[in-house]
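This structure is a prediction, so every number in the text was calculated from the model and none was measured.
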Amino acid sequence: MKTSRLLSRILFGLMVLCRLGYGQVAAPKPAEAPKPAEAPKPAEAPKPEMKPSDLVTHGPWLTYPGPGELTIGFTTVPGCGGGVEYREVGTEEWKQAWHTEAGQIFRHRTARSIRLTGLKKNGEYEYRLILFVPRDKKYHEGSFPKLDNTHKTKQTVLVENPDFRFKAFTDAAEPFTFSVTADLQFSRNVKHGILRSYYDKCGLKDSKFFAVIGDGHNDIGSMENSYIGTIIDGLQPIGGASRPALFIRGNHEWRGGEASLWTEYFPAPETRSSYFTFQCGDTFFIVLDSGEDKPATRLTYHYTGDNIDDQAFREEQRVWLAKVVESPAFKSAKWRIAMCHSAIYSHPEAYMYNHLAHICQDLFKKDKPENRIHLWLSGHTHVYSRTIPGTDQIYRPGNYRQVYGGKDYDFTVLTVEGPGGVGDINNCLVNVTVDKDKISVEARTPENALMDAFEIKNDGTVVDLNNDTLLMKKTPANYK
């Protein structure tokens, strides 16, 4: 009985195994066709070794000069920190300064700005860029390897160039020349050609510093492509790493997707904004931001959509400027020069004039001789002009329908030529020489034709040096 039960269980188990396929012989698989031989891969070209200079994408440029101080700016690839090593020519020890935030080397985004202070006035310096390129792995306290020396690998590289030199400004009286232009709204190649012409033919080579008084490009869709890639890259081969340059905001620098990054790339040391002062010799300079030329509330002008705070911004400048004119540096200066894209008088657009009228109030009117300005340099209108202080006439190639300001001012406003103005001239370079007893001014076309020449005495008296200059004639100003 027990035996038959056992046999039954064994037979049942065998039946289950058969149903599950155990004990069956698998059918042979068909033979696979041979795979075609793979074509040999082409040999990869060896990747070029990255040089330290490849980590710097634009610059360096020198800006915001002053007696014994200067800012050096440049851009890097993302994730790379930046600094400067510098020393007085003829000495051995390098000093070091970094772009930092809250005590740490700043490696995010791409703009680098390093302020050098405590320089010897009139001292000649050489510098080199130092880049911080961190390792991929950053050890934490709990996992720091006690036996692994790879964490000691040097993480900095140097970028050197014989053009990396500059001379620090002084506040002692001495003659100097600087150059300005504005409204460089041309293609990249045309812009670079104009800058090269100014350097080769028109005197820029001998200038102590250079200024672009607004509208260096049509808009700032990309700060590094639109502005830095056209203006600063154009200055690099003509002394851009050794001659300070001032980049002043015009209404077109208020436009574009990256316009609000202006102070990230050009942070003024005094204000961290787009208005500032500086000194060169016994001359005091004031740089103002006249803003956009149309209000943000006019929704048809879509590029003003970001400018909701422009009224507060001009009030901010007004408060700041009132303190500037009370400063010892302003009061003791022999010469005072203002630079701004628009002008406190002689320009035909109401919105920017109203900005400046609010910012300046009556600080520079002729009934305030203690605040006398000797020269105001501007752009914006794209038509060269020069006011005749205290009169209702102006030098320019044709009549304005009306302009703002009037006879309340006894200083000269010079407006730089721009594209699309009167005649065939689309831009000009203005060279200003400051000397012991006069300021000498001349304007030249990119081909070095003389457009205008005059002198300003310390009491504001203007002496014309070339009454038959190209394009110039005295016309009614039609002040409103």
For [X] and [Y], indicate whether the former's side chain and the latter's backbone hold a donor-acceptor pair under 3.5 Å.
{"X": "Thr387", "Y": "Val413", "answer": "yes"}
{"X": "Ser222", "Y": "Asn225", "answer": "yes"}
{"X": "Thr263", "Y": "Pro267", "answer": "no"}
{"X": "Asp408", "Y": "Lys366", "answer": "no"}
{"X": "Asn431", "Y": "Ser179", "answer": "no"}
{"X": "Ser378", "Y": "Leu414", "answer": "yes"}
{"X": "Lys191", "Y": "Leu184", "answer": "yes"}
{"X": "Thr391", "Y": "Ile388", "answer": "yes"}
{"X": "Thr170", "Y": "Gly281", "answer": "no"}
{"X": "His341", "Y": "Ser290", "answer": "no"}

Quiz prompt | Reference residue Trp254; test side chain to side chain donor-acceptor pair (under 3.5 Å); the match among Asp289, Asp310, Asp293 | solution =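 Among Asp289, Asp310, Asp293, the one meeting side chain to side chain donor-acceptor pair (under 3.5 Å) with Trp254 is Asp289.
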
Under the rule for side-chain contact (heavy atoms from CB on, under 4.5 Å), what residues qualify as partners of [X], not counting sequence neighbours?
{"X": "Lys331", "result": "Glu326"}
{"X": "Val157", "result": "Pro52, Leu55, Leu131, Val133"}
{"X": "Lys334", "result": "Asp282, Lys436, Asn458"}

Quiz item: Can we say Glu93 and Arg87 salt-bridge, meaning some charged N sits less than 4.0 Å from an Asp/Glu carboxylate O?
Solution: no

Quiz item: Using 4.0 Å as the upper bound for N to carboxylate O, is an ion pair formed by Glu442 and Arg444?
Solution: yes

Self-check item: Mutual orientation of the aromatic rings belonging to Trp262 and Phe266 [parallel < 30°, tilted 30-60°, perpendicular > 60°]
Solution: tilted

Just checking, is any N or O donor in the side chain of [X] or [Y] under 3.5 Å from an acceptor N or O on the other one?
{"X": "Thr75", "Y": "Thr57", "result": "yes"}
{"X": "Asp233", "Y": "His58", "result": "yes"}
{"X": "Thr415", "Y": "His347", "result": "yes"}
{"X": "Tyr384", "Y": "Asp452", "result": "yes"}
{"X": "Trp94", "Y": "Gln96", "result": "no"}
{"X": "Ser187", "Y": "Asn189", "result": "no"}
{"X": "His358", "Y": "Gln311", "result": "no"}
{"X": "Asp183", "Y": "His380", "result": "no"}
{"X": "His217", "Y": "Glu253", "result": "no"}
{"X": "Glu270", "Y": "Thr277", "result": "yes"}

Output all residues satisfying salt bridge (charged side-chain N to carboxylate O under 4.0 Å, His left out) with [X], sequence neighbours left out; order by chain, then residue number.
{"X": "Glu264", "answer": "Arg109"}
{"X": "Glu69", "answer": "Arg115"}
{"X": "Asp362", "answer": "none"}
{"X": "Lys438", "answer": "Glu455"}

Quiz prompt | Note, Met339 side chain near Leu246 side chain (heavy atom, < 4.5 Å) | solution = yes

Residues in ring pair (Phe, Tyr, Trp, His ring centres under 6.0 Å) contact with [X], at least two apart in sequence or another chain:
{"X": "His99", "result": "Phe106"}
{"X": "Tyr198", "result": "none"}
{"X": "Trp320", "result": "Tyr275"}

Quiz prompt | Candidates Phe276, Phe169, Phe209, Tyr64 - the one meeting ring-ring contact (aromatic ring centres under 6.0 Å, His included) with Phe285 | solution =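 It is Phe209; the other options fail the test.
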
Quiz item: Once you round to the nearest 0.5 Å, how far does CZ of Phe166 lie from OH of Tyr86?
Solution: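 With rounding to 0.5 Å, CZ (Phe166) is 8.0 Å from OH (Tyr86).
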
Quiz prompt | Distance in Å, Glu224 CD paired with Ile232 CD1, rounded so as to fall on 0.5 Å steps | solution =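 Going from the CD atom of Glu224 to the CD1 atom of Ile232 covers 9.5 Å.
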
Exercise. Sorted by first residue and then second, give each salt bridge (charged side-chain N to carboxylate O under 4.0 Å, His left out) pair with at least one member in residues 77-86; sequence neighbours left out.
Key: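 Listed once each, the pairs are Glu85-Arg128.
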
Quiz item: With respect to Cys202, which candidate in Leu429, Ile194, Leu450 satisfies the side chain to side chain contact (heavy atoms under 4.5 Å, CB included) definition?
Solution: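 With Cys202 as partner, Leu429, Ile194, Leu450 yield a single side chain to side chain contact (heavy atoms under 4.5 Å, CB included), made by Leu429.
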
Self-check item: Qualifying residues under side chain to side chain donor-acceptor pair (under 3.5 Å), relative to Thr433, sequence neighbours excluded
Solution: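 In terms of side chain to side chain donor-acceptor pair (under 3.5 Å), with neighbours along the sequence ignored, Thr433 is linked to Thr177.
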
Quiz item: Is the gap between the ring centers of Tyr395 and Phe454 under 6.0 Å?
Solution: no

Practice problem: Looking only at non-hydrogen atoms, find the nearest pair between Arg165 and Glu126 and report the distance. | Solution: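 Smallest heavy-atom distance, with atoms named: NH1-OE1, 4.1 Å.
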
